*Asks:* 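This structure is in structure tokens; I'll ask about it shortly.
Keep in mind the model is a prediction, meaning the values are calculated, not measured. The chain is numbered in sequence order, starting from 1.
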Amino acid sequence: MTRRQTLARLARDARPYYARILLGLVLTGIGGAVGTLAVPRGVGIIFGQVLRPRGDMHMLWVALLIIAASMVVGAFATYGGTYLGAWSGQHLIARLRVRLFERVLNLPLGEFDKWRPGELIARFTNDLGLMIDAVTISMPQLFQNAVQFTAAIVRMFMLDWLLSLALFVIAPLLAYVVTVFNRLITQSTLRTQQRIADLTSNLSEVLQGQRIVKAFRREKYEVGRFRRRNADFFATYMKQTQFVYTQPLVITTVTVIGIVFILWLTVREVLTGRLSSEHAFEYITFIAFLVNPMNRLSAFVGDIAKALVGTSRVYEIIDLPVERADPPNALPLPTVRGEIRFENLNFSYNPPDAKVLVNVNAHVEAGEVVALVGPSGSGKTTMVNLVPRFYEPQSGRITIDGLDLAKLRLADLRDAIAIVPQEPLLFRGSITDNIRYGRLTATDAEVRSAAGEANAEEFIKAFSDGYETQVGERGARLSGGQRQRISIARAILRDPRILILDEATSALDSHSEALIEEALDRLLPGRTTLLIAHRLSTIRRAHKILYIEAGEVREMGTHESLLELGGAYARLHATQFGTAPA
């Protein structure tokens, strides 16, 4: 997205704030113009009419009143304009922040998987931070300084137009310097934002994998990796800083040369009698007033150039595709029996890469518990992820109760499904909050009932805060078995017709495993269950087994029938459980 496109889009998003922004600009302009015009006039009166033989003391009070009143009025106007501008800008960014968050949550999983978490976090923090600095500080000050600069130039032309023409000798040079540095600042800011995204991603990965880091004693390795990325960020940031701070230095140098030249001309005009001493002092004061706005203008323009880079990166995420919208004639799914069919299903994560699922055909009866078994990477997880439409198949279809998933309302489909993952994810908050995540309208009694059915009350009541116990980040304050039972309670509370269960007991101690097996015995009956199975006890619970290998359903049947068949499932069973095929 080009800078012009970014500005145009930002202007459209800012449309609801035009009235406030306009009023803020008017007030800011008044604040800049009043002081710029009045103070030099007061100084001119003092030097021209007071500080001379038999000076007019009455005019001293007039001059002081002009200076004081203009500064007070300017300060109040500047405050009002700056506040309105900051409110409008912050409100716009707050809306963009929500849109950004909403878009991230609605990305298809295939698109979401392309982004590192640190990159997405950087858009929320660093890129929006650049926008905040620009809209709350730089933009109002840029406009005020522009007004001050313009007002000073206009008044200087009124005092002596011939003398003021000298300003246009340096104007093209200044414009060229600003243009060049803006381009350099924009490019360096983009590189800096990419480096901070790399750094944030590194930090996020290590914080999430801290136990693995410690287990393999990779602290020094990770510190070294972080140090290298930190050094990359430091180098790019200092290059950006060099451009940001060199710009006003160069502009100041050019400006000083111009001012010295203009001062020389001013004195010459006074000596030749073309300019009065009063107007000369006023003119010189205007020159002094020009220096600060010119320096600050370049700095504010640089800030805005950086903010536009951040804005374009935010829009880059907002423009990503969302999950496929329901077609206009999408079918409702008011009641679900749970019959599932996979018909000639083909799927690849990145077409035209190799297919993960190849011509899959399978039938799951309503209320049936079906175990998906096969070697790692065979396509089991992919197959169950297609049922809630996390991904879309390239060909073939899946039906529920005879209805094509692609033609169903997505909300209805997912309302009928609950998932219990192998690694349960809990959110920061209380135990009650995490169980109620399954159904937000559930009462406290229903939450407690679900916890009881999941055998979770055993440990919940042992906590001093009971159900209000805080689970910590990702449930870190609970054991794996406790997290899993809360995850099962969440699924029980949802009361789904279709349950997707990744082996819930594969990494637990025998006590936790027994409690969870007991909870599953309450959860599974009457629900269609797709079960990614690793343990013999789980496999034997299934009514039907799908043996999947290389993306194909190679065998289908009960545990006993597949063992009698003596095929691939029987060989896998013998390998994993140390038994000979029946």
Side-chain angles (χ1 to χ4, degrees), residues 1-11 13-14 89-90 92-105 107 111-139 141-142 178-208 225-248 298-321:
M1 185 180 293
T2 65
R3 181 183 299 184
R4 181 175 297 180
Q5 291 171 329
T6 302
L7 278 171
R9 186 164 179 182
L10 195 59
D13 285 339
Q90 286 282 15
L92 170 62
I93 291 171
R95 288 178 58 200
L96 282 175
R97 188 182 292 116
V98 173
R99 286 174 58 191
L100 183 62
F101 184 73
E102 184 178 21
R103 181 52 56 101
V104 169
L105 288 186
L107 291 177
E111 182 66 39
F112 182 83
D113 292 342
K114 297 176 183 177
W115 294 84
R116 296 174 297 171
E119 287 183 303
L120 297 175
I121 293 171
R123 308 296 165 117
F124 281 95
T125 53
N126 302 92
D127 292 308
L128 284 176
L130 290 177
M131 293 179 65
I132 289 172
D133 291 341
V135 300
T136 57
I137 300 173
S138 299
M139 288 186 67
Q141 291 295 318
L142 174 65
V178 170
T179 301
V180 170
F181 273 97
N182 279 348
R183 184 173 66 251
L184 293 173
I185 289 170
T186 298
Q187 294 170 350
S188 63
T189 300
L190 181 59
R191 288 192 293 269
T192 300
Q193 295 305 98
Q194 291 168 344
R195 293 294 179 270
I196 193 64
D198 292 339
L199 194 64
T200 306
S201 295
N202 190 180
L203 178 62
S204 175
E205 290 171 356
V206 171
L207 291 179
Q208 292 179 19
R225 194 158 65 110
F226 187 85
R227 182 180 287 114
R228 288 190 297 273
R229 290 185 174 173
N230 192 46
D232 290 341
F233 167 68
F234 175 77
T236 54
Y237 182 82
M238 290 312 300
K239 179 60 69 175
Q240 172 190 317
T241 303
Q242 181 183 6
F243 291 141
V244 169
Y245 287 108
T246 303
Q247 183 183 28
S298 62
F300 294 141
V301 169
D303 289 342
I304 292 172
K306 291 189 293 182
L308 287 176
V309 172
T311 305
S312 66
R313 284 164 55 85
V314 169
Y315 281 134
E316 181 184 4
I317 302 298
I318 290 177
D319 289 341
L320 291 175

*Asks:* I'd like to check the side-chain contact (heavy atoms from CB on, under 4.5 Å) partners of Phe101; sequence neighbours left out, ordered by chain and number.
*Replies:* Leu105, Phe124
*Asks:* Please name the pair of heavy atoms, one in Lys306 and one in Ile185, separated by the smallest distance, quoted to 0.1 Å.
*Replies:* CG-CG2, 3.5 Å
*Asks:* Going by salt bridge (charged side-chain N to carboxylate O under 4.0 Å, His left out), name the residues that satisfy it together with Arg313, two or more places apart in sequence or in a different chain.
*Replies:* Asp127
*Asks:* Nearest 0.5 Å, what's the CD-CD distance between Gln240 and Gln193?
*Replies:* 7.0 Å
*Asks:* Between Val104 and Trp115, does a side-chain contact (heavy atoms from CB on, under 4.5 Å) hold up when you go through it step by step?
*Replies:* CA-CA 10 Å; Val104 169; Trp115 294 84; over 6 Å; no
*Asks:* Tyr315: which residues meet the ring-ring contact (aromatic ring centres under 6.0 Å, His included) condition with it, sequence neighbours left out?
*Replies:* none
*Asks:* Tell me which pairs pass salt bridge (charged side-chain N to carboxylate O under 4.0 Å, His left out) where either residue lies in residues 111-121, with sequence neighbours left out.
*Replies:* Glu111-Lys114, Arg116-Glu119, Arg116-Asp198
*Asks:* So how far is it from Asn126 CG to Thr189 OG1, rounded to the nearest 0.5 Å?
*Replies:* 12.0 Å
*Asks:* Among residues two or more places apart or on two chains, list those pairs meeting side-chain hydrogen bond (donor to acceptor under 3.5 Å, both in side chains) that have a residue in residues 225-235.
*Replies:* Glu222-Arg225
*Asks:* Can you find a pair of side-chain heavy atoms, one from Leu184 and one from Thr246, that are under 4.5 Å apart?
*Replies:* no
*Asks:* Provide the closest heavy-atom pair for Thr192 versus Thr236 in the form atom of the first, atom of the second, distance.
*Replies:*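 Looking at all heavy atoms of both residues, the shortest contact is OG1-O, 3.3 Å.
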*Asks:* Between Arg95 and Asp13, is there a salt bridge with N-O shorter than 4.0 Å?
*Replies:*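 Looking at Asp13 and Arg95, the cut-off is not met.
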*Asks:* Quick check for you: to the nearest 0.5 Å, what is the distance between Ile196 atom CD1 and Phe233 atom CZ?
*Replies:*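 With rounding to 0.5 Å, CD1 (Ile196) is 4.0 Å from CZ (Phe233).
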*Asks:* If you measure from CG on Leu120 to CG on Leu100, what distance do you get to the nearest 0.5 Å?
*Replies:* 8.0 Å
*Asks:* Got Phe181 and Val244 here, is their nearest side-chain heavy-atom distance under 4.5 Å?
*Replies:*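 No, too far: nothing below the 4.5 Å cut-off.
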*Asks:* Could you tell me which residues satisfy salt bridge (charged side-chain N to carboxylate O under 4.0 Å, His left out) with Glu102, sequence neighbours excluded, listed by chain and number?
*Replies:*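 Scan of Glu102 (salt bridge (charged side-chain N to carboxylate O under 4.0 Å, His left out), adjacent residues dropped) gives none.
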*Asks:* Any side-chain heavy atom of Gln187 sitting closer than 4.5 Å to one from Arg191?
*Replies:*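 They are in contact (side-chain heavy atoms under 4.5 Å apart), so the answer is yes.
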*Asks:* Is any side-chain heavy atom of Leu10 less than 4.5 Å from a side-chain heavy atom of Leu92?
*Replies:*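 Yes, close enough: below the 4.5 Å cut-off.
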*Asks:* Which heavy-atom pair separates Leu308 from Thr6 by the least distance, and what is that distance?
*Replies:*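 So the minimum-distance heavy-atom pair works out to O-CG2, 4.0 Å.
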*Asks:* Does Phe234, at its CZ atom, have more than 12 non-hydrogen atoms belonging to other residues, nucleotides or ligands within less than 6.0 Å?
*Replies:* no
*Asks:* Within the 4.5 Å heavy-atom criterion, are Ile318 and Leu96 side-chain neighbours or not?
*Replies:* yes
*Asks:* Which atoms form the tightest heavy-atom contact between Ile317 and Arg103, and what is the distance?
*Replies:* O-CG, 3.2 Å
